Amino acid sequence: MPELPEAEVVRRGLERWTVGRRVETVEVLDPRSLRRHIGGPGDFVQRLQGASILDAVRRGKFLWLPVALASGDELALMMHLGMSGQALIQGDDQPDERHLKVRLGLSETPDGLPGQLRFVDQRIFGGMFLDPLEPTADGHPGGRGALGLPLIPEHAAHIARDPLDPDFDPSAFHAALRRRKTGIKRALLDQGLISGIGNIYADEALWSAQLHYARPTETMTRPETQRLVEAVQDVMARALEAGGTSFDSLYVNINGESGYFSRSLNAYGRAGEACPRCEAEGRDGVIVREQFMNRSSYRCAVCQRRPRRARY
DNA sequence: CAGCCATCCTGGGGGC
DNA sequence: TGCCCCCAGGATGGCT
């Protein structure tokens, strides 16, 4: 399930393999992957053909390639991996993937890089679309236009900075939490508050910070928020180092390889197993699985106790 | 306006 | 072996 670390692995691949190249051909094999492109598949193909790829940028789980169109306009080729999206670099002779949705034929390079960028997506929660770049007040490096202004795609402007962004502000995050009236896990999953966190890393960070998912945000103390932010940053940095979390072949990097962070998870997917912290400290805590927000939540029944006042 | 929830989607796995 | 139901969950739009 691609969250921030997995998206960052893909971004690095895009940066290395596609920046500086031109999009020569565009083939849409399933229009459902372009659902969010307003003009439809025809418009997508027509505008993107001949575009030059300038950069590879990410905020939270959103990825985009700032491109210069043949017309001279600069905009963002947006990409979201959703549940099962993959961006793959493949040679022209590689057989089509079963769930291949969009194929971009890229210009040749002196060192003979593979010729295609493919968007593959089984569950079609992800997709691609072209999005105008607009000026951003806070200096996020989403690509720079002719006037040198920092730009961000219109549909990423509402996404908060993520915990690995050097300009992420823990104090502002704490203040925002205190203003909210909801449970802490809901807040962690709210991409407008803090971005890049999905179900897996939310559960891992809450386990690490010893917080229950229904803890009311308005009662979070400063030290608790600090612990939580550090836990998120730590788990994401370690996941990134391991190439991301993958339970099957659905999440892979740009060369089709799975990360191996799943073996390092402490709570997620470990219902019935001993809590690693409790085990180390001589208690008998067990990881339990509960339905919350229409998905599974994993926590230790002993060291992540339900708060007296809970918010779901 | 904030909070919350249904909806989109497919393949793998378990039960019978 | 085949069929049916459940499960996975990110973002969005609509409802309260």
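In the text below, chain A, chain B and the rest are named by the order of the sequence lines, each starting its count at 1. If you're wondering where the values come from, they're calculated on a predicted model, not measured in any experiment.
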Participant: In whole angstroms, how far is the C1' atom of dT10(B) from the CD atom of Gln86(A)?
Facilitator: 14 Å
Participant: Side-chain N or O of Arg180(A) versus OP1/OP2 of dC4(B): is the shortest distance under 4.0 Å?
Facilitator: no
Participant: Does Tyr268(A) put a side-chain nitrogen or oxygen below 4.0 Å from OP1 or OP2 of dG9(C)?
Facilitator: yes
Participant: Atom CD1 of Ile38(A) to atom C1' of dT12(C): distance rounded to whole Å?
Facilitator: 13 Å
Participant: How many Å lie between CD on Gln291(A) and C1' on dC7(C), as a whole number?
Facilitator: 9 Å
Participant: Would you say that more than 12 heavy atoms from the other residues, nucleotides or ligands in this model lie under 6.0 Å from the CD of Glu257(A), or not?
Facilitator: yes
Participant: Is the Lys NZ or Arg CZ of Arg277(A) less than 6.0 Å from the centre of Trp207(A)'s six-membered ring, within 45° of the axis?
Facilitator: yes
Participant: Going by distance alone, is a donor N or O of one side chain under 3.5 Å from an acceptor N or O of the other, for Ser296(A) and Arg289(A)?
Facilitator: yes
Participant: With heavy atoms under 4.0 Å as the rule, sort His155(A) into base, sugar-phosphate or nothing.
Facilitator: nothing
Participant: Rounded to the Å, how far apart are Met293(A) CE and dA6(B) C1'?
Facilitator: 13 Å
Participant: To the nearest Å, give me how far apart OH (Tyr213(A)) and C1' (dC4(B)) are.
Facilitator: 16 Å
Participant: Is the phosphate of dT12(C) approached by Arg36(A) (side-chain N or O, under 4.0 Å from OP1 or OP2)?
Facilitator: yes
Participant: Do we see a donor-acceptor contact under 3.5 Å between the side chains of Asp131(A) and His155(A)?
Facilitator: yes
Participant: I need the CZ-P distance between Arg59(A) and dG10(C), as an integer number of Å.
Facilitator: 19 Å
Participant: Below the 4.0 Å mark, does dG10(C) have OP1 or OP2 next to a side-chain nitrogen or oxygen of Arg295(A)?
Facilitator: yes
Participant: Once you apply a heavy-atom cut-off of 4.0 Å, does Ser296(A) come out as touching a base, just sugar-phosphate, or nothing?
Facilitator: sugar-phosphate
Participant: Do Arg123(A) and dA8(C) share a donor-acceptor pair, side chain to base, under 3.5 Å?
Facilitator: yes
Participant: In terms of the nearest nucleotide of DNA chain C, which residue is placed more toward the 5' end: Ile159(A) or Phe125(A)?
Facilitator: Phe125(A)
Participant: How do Arg32(A) and Thr182(A) order along DNA chain B: which one's closest nucleotide is nearer the 5' end?
Facilitator: Thr182(A)
Participant: Starting at CE of Met83(A) and ending at C1' of dT10(B), how long is that distance when rounded to a whole Å?
Facilitator: 10 Å
Participant: Taking for each residue the nucleotide of DNA chain B with the nearest heavy atom, is it Asn294(A) or Arg179(A) whose nucleotide lies nearer the 5' end?
Facilitator: Arg179(A)
Participant: Tell me whether the side-chain N/O atoms of Arg35(A) come closer than 4.0 Å to OP1 or OP2 in dC9(B).
Facilitator: yes
Participant: Is Lys181(A) near enough to dA2(B) that one of its side-chain N or O atoms lies under 4.0 angstrom from OP1 or OP2?
Facilitator: no
Participant: Taking OP1 and OP2 of dA11(C), is either one under 4.0 Å from a side-chain nitrogen or oxygen of Gln191(A)?
Facilitator: yes
Participant: Using 30° and 60° as the class limits, which term best fits the ring planes of Phe168(A) and Phe173(A): parallel, tilted or perpendicular?
Facilitator: tilted
Participant: With the side chain of Lys61(A) defined as its heavy atoms from C-beta on, choose the nearest nucleotide among dA11(C), dC4(B), dA8(C).
Facilitator: dA11(C)
Participant: Are the side chains of Val45(A) and Glu27(A) in touch, meaning some heavy atoms are under 4.5 Å apart?
Facilitator: no
Participant: Between dA8(C), dG10(C), dT10(B), spot the one nearest the side chain of Leu189(A), thanks.
Facilitator: dG10(C)
Participant: If I take atom CG in residue Asp131(A) and atom P in nucleotide dA11(C), what distance separates them, rounded to the nearest angstrom?
Facilitator: 15 Å
Participant: Less than 4.0 angstrom between a side-chain N/O of His80(A) and OP1 or OP2 of dG10(C), yes or no?
Facilitator: no
Participant: So, OP1 or OP2 of dG11(B): does either fall under 4.0 Å of a side-chain N or O from Arg98(A)?
Facilitator: yes
